[in-house]
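Worksheet: one structure, shown below.
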Amino acid sequence: MNSYPEYETKYLKDLIVGNDTKIPLANGNFVTAINFDNAATTPPFYPVLQEINTFSPWYSSTHRGTGYKSILSSNMFEYSREVIKDFVGADTEDSTIIFVKNTTEAINKLSYRMLDSRKRSVILSTCMEHHSNDLPWRNKYKVDYIELDETGRLSLDNLEYKLKKYRGSVGLVAVTGASNVTGFKNPVYEIAALAHKYNSKILVDGAQLIPHSSFDMKPLDSPEHIDFLVFSAHKMYAPFGIGVLIGPKSVFEKGDPDYKGGGTVDMVTHDFIRWSDPPHKEEAGSPNIIGVVALTSAIKTLQTIGLDKIAAREDQLLKYTMDQLQSIPSIEIFGDTDCNDRVGIIPFNIKDMPHEMVAKILSMEGGIAVRSGCFCAQPYVQRLLKVCSKEVKLRLQDPSLSHPGLVRISFGIYNQESEVDILIRLLKHIDKYKEGYINKYIYIPSSK
Ligand SMILES: Cc1ncc(COP(=O)(O)O)c(C=O)c1O
């Protein structure tokens, strides 16, 4: 089944650098690499590289010079903020676009700047977060975790229960837009409305959402307005070290920035500092203009394709794969098999085979890249695997014990049904000749 026109899937594949790279298998043959690890990072778009080439002759110091090229580079940098605002519907006046390295840096930065008073000292995170939207909050605030239902989707009832329980002291509800483990999308607008009802704010970790569907932060006066949004360019076909933190200017006007130095100040004496206004106050050091050019080009490419079309295409790949995976007897899919409200991610295991071994076999026998392990979301994976706290403690005491984990397939817009067919054929073969594969791969150590 391939109801998406073939010429369009070819067009999408042709946008990707390295889509025909040949890689070696264990038997010495070479095959075209298949990448089902797009949730970790995506390959670059050709238009992104072309834009970097076009821009490079004009590259110069950004916000630091009066030369023609320097002014052009600075203008390009500022123009990119407008492109991003338009892309996610950020308020043109109230919000500020801060460039950082990636989502992790964005959330860490926000964690230093978030709370304006001791009264609002609770952060509600969730039991399905990437470590990057959990650990930065822990050493600064009281963190509580919104519960999940039995399939691993967020419980809005529990969110409301907790918002009521903390009676106005929740500074922020910090929630992922889509899980990097199950692909489950969270109902961020309902979460926003609840957070605002209880006088709190919402942060959406957009790392797994923004590249895969259209997104609107909604007007300030809407109860569904998203207060803070973060995402990474390397997950949206622009791997040049840039990420974005969006939030109200007022939050970043107060206090000191976490990183201090060049570019952050308006005036300095040996005993006095007047900080610049945000976003500059929050962007210490020479800016990554090439990363910003790359991100801007990636956004324009995504917009040209159409975010709704991207979501539909990835949904099609998800359903196609989910259906076939379920026909393989020893495959166990985690979370649930419902493809609604989900980005193109599927976590699974093969019964009686370690996750690392499955990933290794797919790579060495099929040239297929997947990820295995806990995907920087250990509490969520432990929960999906029903690992009890006693087992976790055992592993803490003995670091030589392997981590429990899963195998993850994650799609990008350029993946093809024919690639899924290769995956399914190999998984069926592993399922049928499991013992043989185990004997062959048991002594090959897995990379960490
Ligand atoms: C949901 C989610 N949040 C945050 C991150 C961290 O992103 P980065 O490594 O770009 O900082 C990831 C990375 O996989 C992610 O999937």
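Quick note: residue numbers are just sequence positions, from 1. Note that ligands are numbered from 1 as they come in the structure, with each ligand's atoms numbered from 1 the same way. Quantities reported herein were computed from a predicted structural model and do not represent experimental measurements.
- Within the 4.5 Å cutoff, the side chain of I345 has no heavy atoms near those of the T182 side chain.
- Looking at R81 and E283, a side-chain N of the basic residue comes within less than 4.0 Å of a carboxylate O on the acidic one, giving a salt bridge.
- At a threshold of 4.5 Å between non-hydrogen side-chain atoms, the residues M217 and D91 do not count as touching.
- Polar contact check, E105 against ligand 1: no nitrogen or oxygen pair lies under 3.5 Å apart.
- Atoms of ligand 1 lying under 4.0 Å from at least one heavy atom of N180, given by number and element, are 16 (O).
- Of the candidates K101, K235, M128, the one placing a heavy atom closest to atom 13 (C) of ligand 1 is K235.
- Protein heavy atom at the shortest distance from atom 15 (C) of ligand 1 is H130 CD2, 3.3 Å.
- Not one N or O on the side chain of N186 forms a donor-acceptor pair closer than 3.5 Å with the backbone of V188.
- Short contacts between ligand 1 and T176, defined as distances under 4.0 Å to a heavy atom of the residue, involve ligand atoms 1 (C).
- Among protein heavy atoms, the minimum distance from atom 16 (O) of ligand 1 is reached at Q208 NE2, 2.6 Å.
- Under 4.0 Å is where a charged nitrogen must lie from a carboxylate oxygen, and between K319 and D315 at least one such pair does.
- Salt-bridge check for E8 with R313: failed, with every basic side-chain N at 4.0 Å or more from each acidic carboxylate O.
- Annotation for ligand 1: atoms under 4.0 Å from non-hydrogen atoms of T104 are 6 (C), 7 (O), 8 (P), 9 (O), 11 (O).
- The shortest N or O to N or O distance between H234 and ligand 1 is below 3.5 Å.
- Between F77 and H63, the ring-plane angle classifies as perpendicular under the 30° and 60° cut-offs.
- Ranking the protein heavy atoms by distance from atom 4 (C) of ligand 1 puts D205 OD2, 3.4 Å first.
- For atom 7 (O) of ligand 1, the closest non-hydrogen atom of the protein is T103 CB, 3.6 Å.
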